[in-house]
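Below you'll find the structure, written out as structure tokens, and then a few comments.
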Amino acid sequence: MQQSPENDRQIEALLEFYSGAGVDCFLGEDPVDWFALTREQAERRAQAQNLAQPMTAMAPAGSQAPHAGGPQAPTAMPSAAAAPQARRPDAGAPAVLPDAAVIASARDLAAKAATLEDLQACLAAFEGCNLKLTAKKLVFADGNPQARLMFVGEAPGRDEDLQGKPFVGRSGQLLDRMLEAIGLDRSAAYIANVVPWRPPGNRTPTPQETEICKPFILRQIELVNPDVLVFLGAASAKTLLGVEDGIRKMRGRWMAYPGRDKEIAAVATYHPAYLLRSPLEKRLSWRDFLSIKARLTGN
Ligand code: URA
């Protein structure tokens with residue numbers, strides 16, 4: 001192909017498509033057994049993660065993360081600009097095969113995070129989830145960490161990946177309008193996702209990716225310690241409550257989520273992305289949001 005600005009643009013567009021779809025390396029002439037290589041790497045990495053003390057501010061290894069009942073120091077949300085960036089693929093970082101050792105290391109690291117800042121830094125340094133290789137940014141949280149209301153979605157999309165903040169695209173704008181309808185805004189809510197990196201092409205996170213990320217969102221909920229927890233869509237509710245029902249059956253039904261020192265009132269509602277496709281269902285979401293408001297105000 002001859003070099004010209006038009007060709008350059010086409011090549012760039014093609015590369016962007018590949019990168020978005022998760023293709024991040026070229027094929028060589030000789031076959032490579034990536035499974036053997038990545039398993040070995042995953043084991044070494046999990047060992048390294050277990051040995052590493054990634055945060056000086058974290059509790060010492062083996063100690064219980066401080067939470068039970070103790071007052072939580074005010075923790076300001078780091079701004080998106082200051083948020084650590086996800087690392088881009090490079091030749092020295094082969095994909096990790098999710099296995100029990102990686103999941104165990106995620107659990108261990110999350111448990112040691114004593115504050116939300118620790119947890120964010122810990123995720124930014126975590127190499128156990130392959131989604132980080134294709135994501136542009138870590139999407140940790142938005143809103144107010146002191147809020148009584150917490151929302152948990154499934155995984156970031158394209159806009160969230162670009163900005164490093166959850167629910168900022170079209171579904172996020174709908175979420176803002178729904179909050180506004182009950183007299184609230186993001187200063188009265190804390191928003192996060194089960195998976196903090198965008199899956200390539202917005203595909204559904206695999207069960208392994210979800211399992212690897214789960215200890216971090218569990219710890220995030222523990223550290224925020226909200227009074228009311230809202231799952232946006234069935235995926236986050238299924239992951240965090242272990243319920244098997246579909247969203248139609250589950251939505252609007254209050255459940256008890258085991259918090260660090262109390263039972264948290266938890267409910268699932270339709271994901272705003274679903275509401276954008278099925279606007280008639282907004283009637284039911286409206287009921288859910290009124291019920292959320294009533295829980296918060298005790299009415
Ligand atoms: N959908 C989600 O589940 N999370 C986001 O942050 C954006 C869209």
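These figures come from a predicted structure and were not determined experimentally. Start at 1 and go down the list; that is how both ligands and their atoms are numbered.
Rounding to the nearest 0.5 angstrom, the gap separating the SG atom in C122 from the CZ atom in R219 is 10.5 Å. Atom CZ of R177 and atom CD1 of I182 lie 14.5 Å apart (nearest 0.5 Å). With rounding to the nearest 0.5 angstrom, the CG atom of D176 is 10.5 Å from the CE atom of M178.
Closer than 4.0 angstrom to ligand 1 sit non-hydrogen atoms from G153, E154, A155, P156, E160, P166, F167, S171, N193, H271.
Not counting sequence neighbours, the partners of Y270 by the ring pair (Phe, Tyr, Trp, His ring centres under 6.0 Å) test are Y274. Qualifying salt bridge (Lys or Arg N to Asp or Glu O under 4.0 Å) partners for R170, counting only residues two or more places apart in sequence or in other chains: none.
Applying the ring pair (Phe, Tyr, Trp, His ring centres under 6.0 Å) definition to pairs two or more places apart or across chains, those involving residues 202-242 are F126-F216.
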